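These numbers come from a predicted model, not from an experiment.
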There are 2 protein chains.
Amino acid sequence: MAPHANQPELTDDQLSRVAKALADPRRYEILKKLGTQPCATPCSHMRDAIDISPATLSHHMKELETAGLVRSEKDGKFVNYFLQHHILRAYLNRLKADLA
Amino acid sequence: MAPHANQPELTDDQLSRVAKALADPRRYEILKKLGTQPCATPCSHMRDAIDISPATLSHHMKELETAGLVRSEKDGKFVNYFLQHHILRAYLNRLKADLA
DNA sequence: TCGATATTTCGACAACCATCGAATTGATGT
DNA sequence: ACATCAATTCGATGGTTGTCGAAATATCGA
C-alpha cells in the first residue's frame, strides 16, 4: 500500500515535468505565491508581485498546468489558478521513496 | 527553530542547483542507484547500469557534487561517490515549508 | 619505464528553454 | 458596434545544457 492511499501515483513523464517545473526560480516564486492565497486573478496579481511580461507569465502557467501543479478556471475576462497540493505531495513522496 | 535543528539550511543558490540536478532523468537514475548502494567505484558501476559515455557521466557527477547531493572520495584509480542524504532532506523540507 | 585502465577536460554541436514585443483572441461595459 | 482590458499565441533571439569524441591526466601493475 502506498503511503497515502488515495493519492495518484506520478507517471515517469509527470515526475520529469514536475521536477523541471520546480527547477525554474520564477515558477517557484509563482507557486509560492499561489500557496499563500486562495488564488484569485493570477496574471494581474502575479505581475504585481513578480515583475514579468504577460507572455512569459502565460508560458510559465502553462508549464505548471501541464505538470499538474496548478489547475485553472476561467472567470470571464480573468483566469484563476489553484495550487494542486496533492500533486506536490505525490512528488515529495516519490522523492522520499526513491532517494531518501 | 528549524524542523531538523542540525541540518544546514539551503541557500537560494543551492535550492536552485538541487532542483535542476533532480530535473534531469539520467541524474535522477544515478542518484537512485547511489541510494541503494554503499557506493563503490561509481563510473565503472554506473556505466554498466546506465549506458552513458565517460565524459557525460563525469559531467553529471560534477553537477550533482556542486549541488551538494553527492560527495566524492578518491581511491587510487577510482572515485567513490556517496549520496548526501541530509541535503536531500533539507530540500524536501524546504519544498514542504514553501509550498505544501 | 611502459602499457593499460579510470576519470577528467576540452571543444563542438544540437536541442531545449526563458524571455519579450507584437499581433491576436476573447470578454466586458457603454 | 466599439473601445478597452485580460490573456494567449506567434516569432525571434540569446543563453543554457546534455551529449559525446578526442585528447589529456592520473594511477596502477608488470
More than 12 foreign heavy atoms under 6.0 Å from CG of B:Asp51: is that the case here? no
Would you say a side-chain N or O of B:Arg47 is under 4.0 Å from OP1 or OP2 of C:dT7? no
Please report the distance, rounded to the nearest Å, between CE in A:Met46 and C1' in D:dA6. 15 Å
In whole angstroms, how far is the P atom of C:dT19 from the CE atom of A:Met61? 14 Å
Let me spell it out: for each of A:Ala55 and A:Lys77, pick the nucleotide of DNA chain C with the closest heavy atom. Which residue's pick is nearer the 5' end? A:Ala55
So does A:Arg26 get a side-chain nitrogen or oxygen closer than 4.0 Å to the phosphate oxygens (OP1/OP2) of C:dC20? yes
Rounded off to whole Å, could you give me the CG-to-C1' distance for the B:Asn80 and C:dT7 pair? 13 Å
Candidate nucleotides C:dA18, D:dT9, C:dT7, ranked by approach to the side chain of B:Pro54 - the nearest: C:dT7
In whole angstrom, give the distance that lies between atom NE2 of A:His59 and atom P of C:dG21. 15 Å
Check the side chains of B:Ser58 and B:Lys62 for a donor-acceptor pair under 3.5 angstrom, ignoring hydrogens and angles. no
Nearest heavy-atom pair of A:Arg26 and A:Ile52: which atoms, and what distance? CZ-CG1, 3.8 Å
Counting side-chain heavy atoms from CB outward, which of D:dT17, C:dT9, C:dA18 is closest to A:Asp24? C:dA18
Output for pair (B:Tyr28 OH, A:Asp98 CG), nearest 0.5 Å, gives 3.5 Å
Is A:Arg27 near enough to C:dC17 that one of its side-chain N or O atoms lies under 4.0 angstrom from OP1 or OP2? no
Between B:Asp12 and B:Arg94, is there a salt bridge with N-O shorter than 4.0 Å? yes
What integer distance in Å separates B:Phe78:CZ from C:dT8:P? 13 Å
CD1 of A:Ile52 versus P of D:dA7: gap in Å, rounded? 13 Å
Rounded off to whole Å, could you give me the NE2-to-P distance for the A:His60 and D:dA7 pair? 16 Å
A:Asp75 or A:Asp51: which one's nearest nucleotide on DNA chain C is closer to the 5' end? A:Asp51
Between C:dC20 and A:Thr56, is there an OP1 or OP2 to side-chain N/O distance shorter than 4.0 Å? yes
What is the distance, to the nearest angstrom, from the NZ atom on A:Lys74 to the C1' atom on D:dC5? 13 Å
